[in-house]
Amino acid sequence: MAGYLLKNCAAVIVDEGKGPVVHRNVDLLTNGPAIVAIGENLGADALPAGTTAQDAAGWFVYPGLVNTHHHFFQCFVRNRADLDWTKLSVIEWLDRIYPIFSQLNEECFYHASVTAMAEMIKHGCTTAFDHQYNFPRHAGKRLIDRQFDAAELLGMRFHAGRGGNTLPKSEGSTIPDEMLETTDEFIADCARLIDTYHDTSPFSMRQVVVAPCQPVNCYRETFLESVALARDRGVMMHTHVGEGESPVIQARHGMRTVDYLEELGFAGPDTFYAHCWELNHDELRKMAASGTGVAHCPEPVYLVGAEVTDIPAMAAFGLRIGLGCDGAASNDNSNLMHCLHSAYMLQCLVSSSRAHPVPPPVDFLGYGTTGGASLLGRRDIGRLAPGMAADLVAIDTRRMDYVGTRHDPLSLIARVGIGMATDMTMINGRIVWQKGEFPGLDEAKLAADAEAALSTVEF
């Protein structure tokens with residue numbers, strides 16, 4: 001099996017299950033998909049056959065980041081100044097943007113996935129969860145299959161959230177008819193994808209999550225059937241919660257979203273919600289008690305113009321927290337590394353108005369690594385230690401950008417920010433990005449192919 005010996009790393013962020021610790025001036029050895037050893041002078045002994053030694057002087061080596069909420073297809077609808085969140089409610093914004101989404105075809109979904117995952121890899125993300133809820137009738141049902149193809153091309157560890165919308169606009173949703181499915185259609189395709197792709201073996205590269213889009217756009221039965229299928233097949237569940245829809249759910253069902261979903265059984269250690277910025281402390285405590293996690297997406301906060309998600313309270317109450325880029329329609333990039341910095345800085349902005357103190361910068365690194373792994377139900381990713389997946393990110397700190405910062409690698413990403421692509425990204429023991437290139441792939445051609453697919457759609 002092929003492996004790598006990273007020699008003389010300036011710092012490796014090691015976590016053997018008790019929290020991250022900085023190891024200075026050490027080597028890191030991988031073999032196949034796993035980390036074998038982290039320590040001094042590892043090259044002194046005989047190395048496994050096929051090991052490639054690489055000088056890592058000056059490198060800070062971090063665990064690969066774990067994305068817990070995104071909408072890859074929205075990469076084809078970004079940099080649209082006309083879709084101005086700051087002048088619209090979430091529901092108004094959805095009414096405007098869903099008709100645009102409904103025009104995408106199968107090739108658009110594939111190339112948008114390549115686009116999003118390529119950007120994520122460049123910026124240190126090694127496991128990506130995507131919430132793909134857009135299934136225009138003309139595009140067919142093979143959209144997530146094509147996402148798995150895109151992930152395999154790039155070498156990304158991919159968790160596919162099979163989303164869907166079932167409530168027609170005539171009954172109060174924001175979904176164009178072209179994007180609607182029946183509950184039976186949705187559940188049948190979830191089952192097909194689980195049977196075809198879901199892999200629970202160690203270092204799995206493919207998993208499936210049952211993820212109805214959001215309660216405001218689905219029938220009650222859609223969530224009930226989702227719970228039944230997910231619990232039967234042992235897969236995770238996900239949906240949007242607490243992003244402006246709670247008053248609608250209150251009017252429709254007589255309770256706010258968290259209570260509604262808990263009543264349906266769509267809550268627990270196998271469940272995580274996206275956003276949750278409008279939830280009150282009682283609702284956050286209820287989620288913590290049930291073990292339900294939160295995928296916090298900091299960058300849409302800028303565009304929504306709403307309150308900053310109360311991460312300090314979530315942390316104080318013991319919620320499991322991960323980070324997500326969110327879709328490019330509400331965050332025009334797919335840079336999870338930047339989200340770590342945004343998440344921390346936003347909390348600092350409102351700290352004087354919060355009952356709980358801002359967690360330290362290292363905790364935000366945790367939300368982007370071990371926290372994300374927890375939300376996805378993974379115990380083999382999210383930290384660097386022998387036996388864990390060889391998912392790692394290297395940053396060469398011998399640059400002016402890092403003068404005066406190198407004394408604290410744990411705080412660097414959240415507090416200072418990383419303003420460039422990584423120097424290396426490794427996933428499952430394979431280098432997928434290094435020296436400004438995707439090994440074996442032509443980035444210019446990937447970009448041209450994506451632009452060509454985009455040009456087939458008129459917005």
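Positions are given from 1, in the same order as the sequence printed here. The basis for the numbers below is simple: all heavy atoms, side chains too, and nothing from hydrogens, waters or symmetry mates.
Looking at heavy atoms from C-beta onward, Phe364 lies in side-chain contact with Val358 at the 4.5 angstrom threshold. Using a 4.5 Å heavy-atom threshold, the side chains of Cys190 and Leu193 count as separate.
Taking 4.0 Å as the cut-off between side-chain N and carboxylate O, Asp423 and Arg399 count as a salt-bridged pair. Between Glu107 and Arg146, at least one side-chain nitrogen of the basic residue sits less than 4.0 Å from a carboxylate oxygen of the acidic one, meeting the salt-bridge criterion. The existence of a salt bridge linking Glu263 and Lys286 is excluded, since no basic side-chain nitrogen approaches an acidic carboxylate oxygen closer than 4.0 Å. Comment: Asp259 does not engage Arg256 in a salt bridge, judged by the lack of any side-chain N to carboxylate O separation of less than 4.0 angstrom. One finds a salt bridge joining Glu443 and Lys122 here, because a Lys/Arg side-chain nitrogen approaches an Asp/Glu carboxylate oxygen to under 4.0 Å. Under 4.0 Å is where a charged nitrogen must lie from a carboxylate oxygen, and between Glu225 and Arg220 no such pair does.
With no hydrogens or angles considered, no side-chain donor-acceptor pair links Thr292 and Thr271 at under 3.5 Å. Thr422 and Thr425 are linked by a side-chain donor-acceptor pair at a separation below 3.5 angstrom, with hydrogens and angles left out of the test. No side-chain donor-acceptor contact under 3.5 Å links His341 and Arg415. When only modelled atom types and interatomic distance are considered, Gln214 and Thr239 share no side-chain donor-acceptor pair under 3.5 Å. Side-chain atoms of Asp310 and His281 form a donor-acceptor pair, as typed in the model, at a separation below 3.5 Å. Side chains of His238 and His69: a donor on one and an acceptor on the other come within 3.5 Å. Checked by atom type, the side-chain pair Gln147/Asp130 shows a donor-acceptor distance below 3.5 Å.
Atom SG of residue Cys325 and atom CG of residue Leu336 lie 4.5 Å apart, to the nearest 0.5 angstrom. Atom CD in Gln74 sits 6.5 Å away from atom CG in Asp326 (nearest 0.5 Å). Taken from CE in Met117 to NE2 in His70, the straight-line distance is 9.5 Å, to the nearest 0.5 Å.
Remark: of the listed residues Asp145, Leu153, Leu143, Leu153 is the sole one forming a side-chain contact (heavy atoms from CB on, under 4.5 Å) with Tyr110.
Judged by the 6.0 Å and 45° rule, Arg383 forms no cation-pi pair with Tyr62. Geometrically, Arg206 does not engage Tyr197 in a cation-pi contact defined by less than 6.0 Å to the ring centre and at most 45° from the axis.
For the pair Glu262 (side chain) and Ala267 (backbone), a donor-acceptor distance under 3.5 Å is absent. Put simply, the side chain of Asn8 never gets that close to the backbone of Ala57: no donor and acceptor are under 3.5 Å apart. With hydrogens and angles ignored, the 3.5 Å screen pairs a side-chain donor or acceptor of Glu245 with a backbone N or O of Glu243. In terms of modelled atom types and a separation under 3.5 Å, the side chain of Thr405 and the main chain of Tyr402 share a donor-acceptor contact. At least one donor-acceptor pair closer than 3.5 Å links the side chain of Thr369 to the backbone N or O of Leu365. In this structure a side-chain-to-backbone donor-acceptor pair under 3.5 Å is present from Thr370 to Gly366. Under a 3.5 Å cut-off, the side chain of Asp15 and the backbone N or O of Lys18 do form a donor-acceptor pair. The backbone N or O of Asn428 sits less than 3.5 Å from a side-chain atom of Asp391, completing a donor-acceptor pair. In terms of modelled atom types and a separation under 3.5 Å, the side chain of Asn335 and the main chain of His338 share a donor-acceptor contact. A donor-acceptor pair is defined here as one N or O able to donate and one able to accept, closer than 3.5 Å; such a pair exists between the side chain of Asn217 and the backbone of Thr174.
Heavy atoms of other residues, nucleotides or ligands lying less than 6.0 angstrom from CG of Asp195 number more than 12. More than 12 heavy-atom neighbours from other residues, nucleotides or ligands sit within 6.0 angstrom of CZ on Arg320.
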Do Thr397 and Arg406 pass the side-chain hydrogen bond (donor to acceptor under 3.5 Å, both in side chains) test, and can you show the C-alpha distance, the side-chain angles, and the key distance before you say yes or no?
CA-CA 7 Å; Thr397 59; Arg406 300 173 79 242; 2.7 Å; yes

Can Asp270 and Arg231 be said to form a side-chain contact (heavy atoms from CB on, under 4.5 Å), step by step?
CA-CA 9 Å; Asp270 58 356; Arg231 297 260 159 82; 2.6 Å; yes

Can Thr30 and Met426 be said to form a side-chain contact (heavy atoms from CB on, under 4.5 Å), step by step?
CA-CA 10 Å; Thr30 73; Met426 177 185 290; 4.1 Å; yes

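Aromatic ring centroids of His356 and Phe317 lie under 6.0 Å apart. The distance between the ring centers of Phe73 and Tyr133 falls below 6.0 angstrom.
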